[in-house]
Amino acid sequence: MPGPRIVLVGQPNAGKSTLFNVLSDIKAAAGNFAGTSVRITRSGIQLQGQEFELLDLPGIYSLNAADDAERITRDFLLGEPVDLVVNVVDSTLLSRSLELSVELLELGLPLVIALNMQDEAEKRGLKIDHEKLEKRLGVAVVPTSALHGKGVRQLMERCARQLAAPSPPPPSFPYTAHIEKLVQGLAEALPQPEAGQRGSRRFYAIKAIENPDMVPGEMRQPVAARIAAASARIRTLHKLECFETIACERHHLAMKLSEETCEFVPRRTIHLHDRMDRYLLHPWLGRLIMLAYFLGFFAVIFSAGGLFSRWLDPLLSRVPPLLLPLQRFSAGLWLTADGIFQGLAGALGIVLPYLLPLILLHSLFEDSGYLSRIAFLLDGLLHRIGLHGKSVAAFVLGFGCTVPAVYATRILENKRDRFLSALLLPFIPCSARNAVIFALTTALAGPLWALVIYVFVLLVIAATGKAISLFLAKPSGLIMELPDLKVPSLRNAFAATGRQVREFVLTVVPLLLLGSVAMSWLGRLDVSSRIDALLSPLVHGLLGLPAALGSTLAFGFFRKELIIIMAKQALGAASLALLPLTAGQAVVFLVFVTLYFPCLATFMVLGREFGWKTAGASAALSVVVAALAAWFFKLLFILF
Amino acid sequence: MKTTSLDLACPDTAVAIVEIKAGEEAKRKLLAMGLHVGDAIIKLNHPRWSPVLIRNLTTHSSKIAIGLGLARKILVRDARP
């Protein structure tokens with residue numbers, strides 16, 4: 001039975017996930033761009049001898065949620081039991097952050113404020129009087145610096161005190177007199193929220209004016225005429241839509257609070273990150289840097305992966321002769337043992353050497369804030385293929401793993417952008433496919449071919465996106481925050497790498513072993529030859545590859561890493577370099593492998609997020625595009 | 001300085017938001033991100049195939065990128081006294 005529930009709520013990049021990581025054993029993904037956390041992460045924590053449940057909710061600018069990630073947070077706060085809300089505030093953006101705090105006060109749930117990034121705020125000349133802010137807000141305000149663990153203990157003590165003696169919800173701030181009168185009138189007239197529905201009547205009264213869809217029908221219906229009258233009056237008086245007027249009210253309240261409690265001494269120095277942004281966001285220099293960055297990124301993975309792989313190869317090649325005596329006892333035992341070893345050798349000797357540097361570099365890159373710069377630079381280009389810059393976050397994450405990338409589409413505001421991104425994301429080579437590309441091109445065709453494949457894949461994505469977007473409405477405009485650049489934390493990067501490698505070892509390696517054993521047995525029982533025969537028209541007929549690769553492609557649907565292990569077994573080669581494939585065949589095979597549907601996990605997540613029809617359409621589309629693209633390469637090799 | 005759209009405003013000059021002519025969805029998002037009529041902002045770049053980059057001077061915000069199409073719907077005026 002979990003204890004009282006504490007939830008971390010704040011605007012994107014306020015440091016919620018960093019605080020969560022400090023407080024819990026579980027390491028949540030923490031990055032330096034809006035929308036790193038698009039799912040709820042939970043953990044049990046001990047506080048002064050008592051058990052608590054701590055939840056990290058996706059970042060939210062306002063409770064009038066604009067995208068799916070924000071809606072998760074809003075729906076959780078309104079519908080789930082919560083004992084304490086910890087509002088994580090970015091001190092460097094005090095005024096804007098307090099707009100959400102004011103809204104949370106209106107909600108009426110027990111609240112404690114963590115004034116995070118205090119040290120950074122001071123560096124920028126912002127001196128916040130947290131005691132005065134505490135008095136003005138009527139809730140505990142604790143200065144913290146989650147990154148360095150400062151103030152976290154004091155924050156937890158205040159949380160424990162608040163939970164031990166729950167104080168009544170703090171009074172929220174009054175609006176301008178004539179609006180306040182209308183809000184109070186409505187709050188009195190509204191029926192009580194139903195059991196299980198959180199939020200004060202005042203909160204629902206404000207929302208009835210500002211965002212009526214947020215108020216349950218049962219509460220809204222009895223006073224519909226009164227809501228309409230109040231809204232009409234505000235519209236007439238302010239000559240603005242009601243949501244604009246209410247947002248202005250909160251804006252003014254937050255500004256006033258900020259002015260009263262914060263002293264700002266402007267610093268004349270230009271921050272290093274601002275100076276760097278001049279180059280990184282420069283129209284042509286920025287794009288050149290981005291290109292160099294990507295080239296460097298892949299060059300490092302290639303070199304590091306190749307080095308590890310070459311180092312491990314002689315060690316692993318000593319094992320198969322040791323297994324041969326087993327053949328004398330039982331052929332079945334030998335088949336199983338050899339299958340297990342082949343799977344293990346593939347995971348350790350081929351996949352992991354490329355996966356490790358990829359994850360580590362990817363984590364450092366995410367943490368630096370450069371991702372949003374890339375989104376900025378690519379916005380114009382992405383518009384041409386029917387998307388906008390904000391999709392970049394999901395696409396870059398896709399180079400790591402397609403599953404979190406699909407979740408990352410939740411930060412896109414409208415369904416059209418999400419749908420198109422979901423269809424295109426499976427084409428982005430994830431770490432598993434990157435490992436296959438790196439390993440096979442290194443062994444058979446040369447690293448330059450990896451670059452050709454990447455450029456080609458990007459062109460395929462652009463052409464497919466353009467073709468699909470012809471049937472969709474125009475993309476929505478970009479509105480995106482660019483958090484300040486920062487030196488990426490090695491600790492965060494190693495934690496993220498550790499988390500993903502553990503996930504790889506626990507969930508992927510057993511699958512690789514099972515797949516490898518299955519392949520050994522299927523070969524023996526002649527099942528794989530039937531799959532090969534079934535897929536032969538595509539594999540051999542259309543693509544000109546050995547038909548024996550058919551079953552590896554079929555099994556590749558479960559995990560793409562299986563392909564390199566199974567290809568070796570299917571074609572009876574001792575190592576990748578000895579695969580009986582020409583460089584041309586290797587490239588054709590790789591183009592197909594890269595573009596056809598990533599894996600079962602992606603299929604399941606797409607189905608859950610977008611419905612099974614979209615998941616099915618995405619899978620079918622990917623197979624057709626992969627077949628056409630690989631065939632195109634086969635023709636090129638025949639012609640030249 | 002006359003009222004002009006944000007994409008045409010001079011870079012590195014403080015301007016005040018006069019009107020946001022965007023649709024409700026975009027307007028709500030801008031408001032949630034702390035951009036309101038009356039706020040002083042500064043345009044940081046001269047966009048060419050890229051979004052407009054601004055910083056809200058009123059709230060000392062971080063940089064915000066606004067797509068060109070949307071920037072054309074935000075009207076601004078010189079904020080200097």
Residue part contacting chain B, namely of A:Glu259, when any heavy atom lies under 4.5 Å: neither
With side chains defined as the heavy atoms from C-beta onward, is the minimum distance between B:His60 and A:Leu93 less than 4.5 Å? no
Using a strict threshold of under 4.0 Å (side-chain N to carboxylate O), is an ion pair present between A:Asp274 and B:Arg55? yes
Regarding B:Asp39 and A:His251, do their side chains bring together a donor and an acceptor under 3.5 Å, going by distance alone? yes
Which heavy atom in B:Lys29 sits nearest to a heavy atom in A:Ala66, and how many Å separate them? CD-CB, 3.9 Å
Winner by heavy-atom pair count (cut-off under 4.5 Å) against chain A, out of B:Ile64, B:Leu68, B:Leu35: B:Ile64
Look at atom CZ of A:Arg71 and say whether more than 12 heavy atoms of other residues, nucleotides or ligands are closer to it than 6.0 Å. yes
Choice from A:Arg96, A:Arg250, A:His282, A:Arg124 maximising heavy atom contacts with chain B below 4.5 Å: A:Arg96
Check whether any side-chain heavy atom of B:Asn45 sits under 4.5 Å from a side-chain heavy atom of A:Leu281, and report yes or no. no
Heavy-atom check, side chain of B:Glu24 versus side chain of A:Glu241, under 4.5 Å: no
Most contacts with chain B, counted as non-hydrogen pairs under 4.5 angstrom, among A:Asp67, A:Leu378, A:Asp277, A:Leu94: A:Asp277
Listing, residues 5-12 of chain B side-chain donor-acceptor contacts under 3.5 Å, not counting sequence neighbours, or none:
from, atom 1, to, atom 2, distance (Å)
B:Ser5, OG, B:Asp7, OD1, 2.6

Ion pair check, A:Glu481 and B:Lys63, cut-off under 4.0 Å: no
Between B:Gly69, B:Ser62, B:Pro51, which residue shows the highest count of heavy-atom pairs closer than 4.5 Å to chain A? B:Pro51
Residue part contacting chain B, namely of A:Asp90, when any heavy atom lies under 4.5 Å: neither
Among B:Lys73, B:Lys27, B:Met33, which has the most heavy-atom pairs under 4.5 Å with chain A? B:Met33
Mind checking whether A:Glu99 and B:His36 have side chains closer than 4.5 Å, heavy atoms only? yes
What residue in A:Ser258, A:Gly380, A:Ser95, A:Ser97 has the most heavy-atom pairs under 4.5 Å with chain B? A:Ser95
Gap separating the CG atom of A:Leu98 from the OG1 atom of B:Thr59, nearest 0.5 angstrom: 11.0 Å
For chain A, which candidate among B:Leu70, B:Leu31, B:Ile66 shows the most heavy-atom pairs at distances under 4.5 Å? B:Leu31
Among A:Asn211, A:Leu377, A:Leu381, which residue has the highest count of heavy-atom pairs closer than 4.5 Å to chain B? A:Asn211
Is there side-chain contact between B:Ser50 and A:Arg287, with heavy atoms separated by less than 4.5 Å? yes
